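All of these numbers come straight from a predicted model, not from anything done at the bench.
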Amino acid sequence: MSAADTTTPAKVPPPRQAPPTPADDPPRVNRPSGGATAPWLLLAPCLLILALVMGYPLARLVTLSFQKFGQSQLWGFQPAESVGFDNFAKVLGDGEFWAVVVRTIVFAAGAVVFTMVIGMALALLLQRVSGWLKVLINIVLVASWGMPVIVATTVFKWLFDSDYGVLNALLSKLPGVEMIGHNWFASGPQGLAVIMLLVVWGAVPFVVITLSAGLTQVPKELEEAARLDGAGSWGVFRYVTLPVLKPIIVMLTTLSVIWDMGVFPQVFVMRNGHPEPEFQVLNTYSYDRAFVVNDYAQGSAIALITVLLLLGVVAVYMRQMLKIGEVE
């Protein structure tokens, strides 16, 4: 064997590979000029309409609340005088005003609670009925929701009429019950309960339809997993359904508070245009001060205080929605 055969061949280093070429940069999208102003141009017509419809009345409301403005100023016999915060001092120092505020808050809280509880119960019930029955219930809900407030109030006046009311006639058929001639509006609490029922009846359809749409987004897999872990119906609802529906519930609750604190036609029409003191809520109280007592400045001050109260509700709503957004 020759020496050439026994010599170990030298290791040849592998050829160097060229470094990978950097990936081509993604094509840049040429944004059209004026992209930042385009949304504002599209929103301009809506903002202009809002400024005309809401801006001027609100500015006029603020101006009146700091002036002395009655019938003499309305007809031009005397000029409007600036009185600073005198109107607010008179309103806030009036015990009747605070009684109206408490009555309005209690009324709105009761209406919101009943609306949300009944609406949630009906929405859950709609998930367990057959298709044709669900369609029928939705038609009834939309029809009742679309009924004008004046028409609904007139129907409720007939239902609770002391002499010809259907409810009194039905209750009188129960053993030992005699309700013929019973006046539901003889006392403030009973009358406000009837008006609250009217408000709830008109608000429930919107809540049911909205919650029904939200329930379709609850993952069925999570509900099945909760049942496999031993959760009952209440456990599934509390730990699966409610967290998914929380943004919708917060939105509906806030809207209901705003609507129910701003109740006016139901009380005004139910009491034939002259609500008694025990039926006064903030909106009717402001209306009475402005157009019955003819103190437009004090009525404007009450209305502005109402707006500030509602802005507080909106602030709480925005805070809750921001918290929900941070969690998500």
Starting from Val117, walk the hydrophobic network (Ile, Leu, Val, Met, Phe, Trp, Tyr; side-chain heavy atoms closer than 4.5 Å) and list everyone else you reach, by chain and number.
Val113
Using links of under 4.5 Å between side-chain heavy atoms of ILVMFWY residues, direct or through other members, which residues join Leu42 in one cluster?
none
When you measure from the side chain of [X] to the backbone of [Y], do you find a donor-acceptor pair of N or O atoms at a distance under 3.5 Å?
{"X": "Ser144", "Y": "Leu141", "result": "yes"}
{"X": "Ser172", "Y": "Ile180", "result": "yes"}
{"X": "Gln217", "Y": "Gly214", "result": "no"}
{"X": "Ser300", "Y": "Tyr296", "result": "yes"}

[X] [atom1] to [Y] [atom2] distance, which is reported to the nearest 0.5 Å:
{"X": "Leu252", "Y": "Leu211", "atom1": "CG", "atom2": "CG", "result": "5.5 Å"}
{"X": "Leu309", "Y": "Ile258", "atom1": "CG", "atom2": "CD1", "result": "12.0 Å"}
{"X": "Gln266", "Y": "Phe264", "atom1": "CD", "atom2": "CZ", "result": "10.0 Å"}
{"X": "Asn183", "Y": "Phe160", "atom1": "CG", "atom2": "CZ", "result": "12.5 Å"}
{"X": "Leu245", "Y": "Leu215", "atom1": "CG", "atom2": "CG", "result": "5.0 Å"}
{"X": "Ser233", "Y": "Arg238", "atom1": "OG", "atom2": "CZ", "result": "14.5 Å"}

Co-membership, hydrophobic cluster, residues [X] and [Y], 4.5 Å side-chain:
{"X": "Trp201", "Y": "Val194", "result": "yes"}
{"X": "Phe279", "Y": "Val263", "result": "yes"}
{"X": "Leu310", "Y": "Val250", "result": "yes"}
{"X": "Ile150", "Y": "Phe156", "result": "no"}
{"X": "Leu197", "Y": "Phe107", "result": "yes"}

Would you call [X] and [Y] a side-chain contact if the rule is heavy atoms closer than 4.5 Å?
{"X": "Arg289", "Y": "Val91", "answer": "no"}
{"X": "Leu167", "Y": "Met179", "answer": "no"}
{"X": "Thr254", "Y": "Val316", "answer": "no"}
{"X": "Ile305", "Y": "Val101", "answer": "no"}
{"X": "Met261", "Y": "Thr306", "answer": "no"}

Identify the heavy atoms of [X] and [Y] that sit nearest to each other, and give their distance.
{"X": "Val236", "Y": "Ala226", "value": "CG2-CB, 4.0 Å"}
{"X": "Gln73", "Y": "Pro79", "value": "CG-O, 3.6 Å"}
{"X": "Leu126", "Y": "Ser212", "value": "CD1-OG, 3.6 Å"}
{"X": "Pro219", "Y": "Val244", "value": "CD-CG2, 4.3 Å"}
{"X": "Ile249", "Y": "Thr253", "value": "O-OG1, 2.7 Å"}

Under the rule for salt bridge (Lys or Arg N to Asp or Glu O under 4.0 Å), what residues qualify as partners of Glu224, not counting sequence neighbours?
none
With sequence neighbours left out, write down each residue that passes side-chain hydrogen bond (donor to acceptor under 3.5 Å, both in side chains) with [X], or none if nothing qualifies.
{"X": "Ser82", "result": "none"}
{"X": "Asp229", "result": "none"}
{"X": "Trp184", "result": "Asn168"}

Here the side chain to side chain donor-acceptor pair (under 3.5 Å) pairs for residues 274-284, sequence neighbours left out, are Arg271-Glu276, Gln280-Thr284, Gln280-Asp288
Please list all pairs passing the side chain to side chain donor-acceptor pair (under 3.5 Å) test where one or both residues lie in residues 103-129, with sequence neighbours left out.
none
Carefully, step by step, assess Asp260 and Met196 under the rule side chain to side chain contact (heavy atoms under 4.5 Å, CB included).
CA-CA 9 Å; Asp260 294 344; Met196 184 187 298; over 6 Å; no
Could you list the residues that satisfy side chain to side chain contact (heavy atoms under 4.5 Å, CB included) with [X], not counting sequence neighbours?
{"X": "Val62", "result": "Phe66, Leu304"}
{"X": "Val83", "result": "Lys68, Asp86, Asn87"}
{"X": "Lys90", "result": "Gln298"}

Carefully, step by step, assess Ser286 and Leu282 under the rule side chain to side chain contact (heavy atoms under 4.5 Å, CB included).
CA-CA 6 Å; Ser286 174; Leu282 277 173; over 6 Å; no
Criterion side chain to side chain contact (heavy atoms under 4.5 Å, CB included) on Lys134 and Asn138, from CA distance to verdict:
CA-CA 6 Å; Lys134 180 184 296 186; Asn138 282 324; 3.7 Å; yes
Output every pair passing ring pair (Phe, Tyr, Trp, His ring centres under 6.0 Å) with a member in residues 226-263, not counting sequence neighbours, ordered by first then second residue.
Phe206-Trp259, Trp234-Phe237
For side chain to side chain contact (heavy atoms under 4.5 Å, CB included), just list the numbers for Val204 and Trp145, CA-CA rounded to whole Å, side-chain angles, deciding distance to a tenth of an Å, and then say yes or no.
CA-CA 8 Å; Val204 161; Trp145 186 32; over 6 Å; no
Within the 3.5 Å criterion, strictly below it, is a donor on Arg60 or Tyr56 matched to an acceptor on the partner's side chain?
no
